[in-house]
Amino acid sequence: MPEENRLVFRRAEAGQAEDIFRLVQKCISAVYPLYYRDEIVNFFCALHSLEHIAQDIQAGNVYVLEHGGALLGTGSFCQEHITRVYVASEKRGKGYGRVIMERLEQEIRKSSPTAEVDASLPASRFYERCGYQTVKHEQYPVGNGIILVYEIMKKDLQSG
């Protein structure tokens, strides 16, 4: 686990939109092709566009995890719904994703007893390790007859 006392978790600022966009796109491009066809990878890239990230930052929904001014990862939430949790590729496997989840959950706990995520194939095991349980399977058509299948996962924030 990283030394949390030296990590900074805070709301993202408008000037960070491009850095967050590059981090997210790099993660999607590196990992998602191992699980999905090109149409689904392209769907995720478009879903996490610079415009969408900038809009979410403006709404106050995007957070960053930093160390020494360097962007380690990001996560977003709206109400109890967590989205866009990504850790820089070279920093994965060091506990930063868990730190992001714990900090987002602390924020959500202020107004909701539960948190929810839409889990992609690459992320579902991570969310399970964070205490989330699948409550529903969903499908979303992305075009060309291709269907994205994903899980809706929830966690009771009051028991932990």
Side-chain angles (χ1 to χ4, degrees), residues 1-36 38-112 115-132 138 140 142 148 150-155 157:
M1 193 61 129
E3 290 193 35
E4 291 191 45
N5 59 345
R6 296 176 13 174
L7 297 175
V8 175
F9 182 79
R10 64 178 177 81
R11 271 200 170 102
E13 299 170 359
Q16 293 181 292
E18 287 189 28
D19 289 338
I20 294 168
F21 170 73
R22 281 193 296 274
L23 182 147
V24 170
Q25 295 294 316
K26 185 176 178 184
C27 290
I28 291 170
S29 297
V31 176
Y32 284 45
L34 303 173
Y35 295 84
Y36 296 120
D38 289 345
E39 292 88 349
I40 294 175
V41 175
N42 294 338
F43 166 79
F44 278 110
C45 286
L47 180 65
H48 300 298
S49 68
L50 178 58
E51 179 182 352
H52 290 153
I53 290 169
Q55 289 170 350
D56 288 345
I57 289 173
Q58 185 175 355
N61 297 338
V62 181
Y63 288 77
V64 291
L65 183 67
E66 301 170 320
H67 182 268
L71 179 63
L72 301 176
T74 186
S76 305
F77 78 92
C78 184
Q79 298 173 342
E80 73 277 354
H81 194 172
I82 295 173
T83 61
R84 201 182 293 124
V85 176
Y86 291 94
V87 173
S89 298
E90 65 277 7
K91 300 294 183 182
R92 284 200 328 257
K94 299 181 184 206
Y96 297 121
R98 186 172 292 275
V99 171
I100 293 169
M101 290 300 292
E102 288 171 355
R103 301 288 176 87
L104 291 173
E105 290 168 0
Q106 287 174 3
E107 293 296 318
I108 292 169
R109 192 177 285 116
K110 295 174 185 176
S111 60
S112 177
E116 179 178 297
V117 296
D118 296 347
S120 63
L121 288 175
S124 60
R125 297 266 320 199
F126 166 72
Y127 292 129
E128 284 177 356
R129 289 191 303 271
C130 289
Y132 287 78
E138 287 290 340
Y140 185 83
V142 296
L148 167 64
Y150 62 98
E151 299 175 25
I152 306 292
M153 301 179 81
K154 289 190 178 190
K155 180 178 180 179
L157 300 178

Kindly say whether the aromatic ring centers of [X] and [Y] come within a distance under 6.0 Å.
X    : Y    : answer
Y140 : Y150 : no
F126 : Y132 : no
Y36  : F44  : yes

Student check: side-chain heavy atoms of [X] and [Y] closer than 4.5 Å:
X   : Y    : answer
Y35 : S120 : no
I28 : V41  : yes
V64 : D19  : no

- Task: Please identify each residue that fulfils side chain to side chain contact (heavy atoms under 4.5 Å, CB included) with R84, with sequence neighbours left out.
- Result: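 With neighbours one apart ignored, the set is V24, H48, H52, I53, D56, V62, S76, Y86.
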Atom CD of residue position Q58 - does it have more than 12 heavy atoms of other residues, nucleotides or ligands inside 6.0 Å?
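12 or below, so no.
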Tell me, which pairs form a salt bridge (Lys or Arg N to Asp or Glu O under 4.0 Å) where one or both residues lie in residues 119-128, sequence neighbours left out?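 The answer is none; no pair qualifies.
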Is any side-chain N of the basic residue among E107 and R103 closer than 4.0 Å to the acidic one's carboxylate O?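 Result for this pair is no, no salt bridge flagged.
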Worksheet item: Can we say E66 and R10 salt-bridge, meaning some charged N sits less than 4.0 Å from an Asp/Glu carboxylate O?
Response: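 Yes.
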- request: Please check if the side chain of R92 supplies one atom and the backbone of C27 the other of a donor-acceptor pair under 3.5 Å.
  value: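 Not at all, since once roles are kept as given, no pair shorter than 3.5 Å links the two residues.
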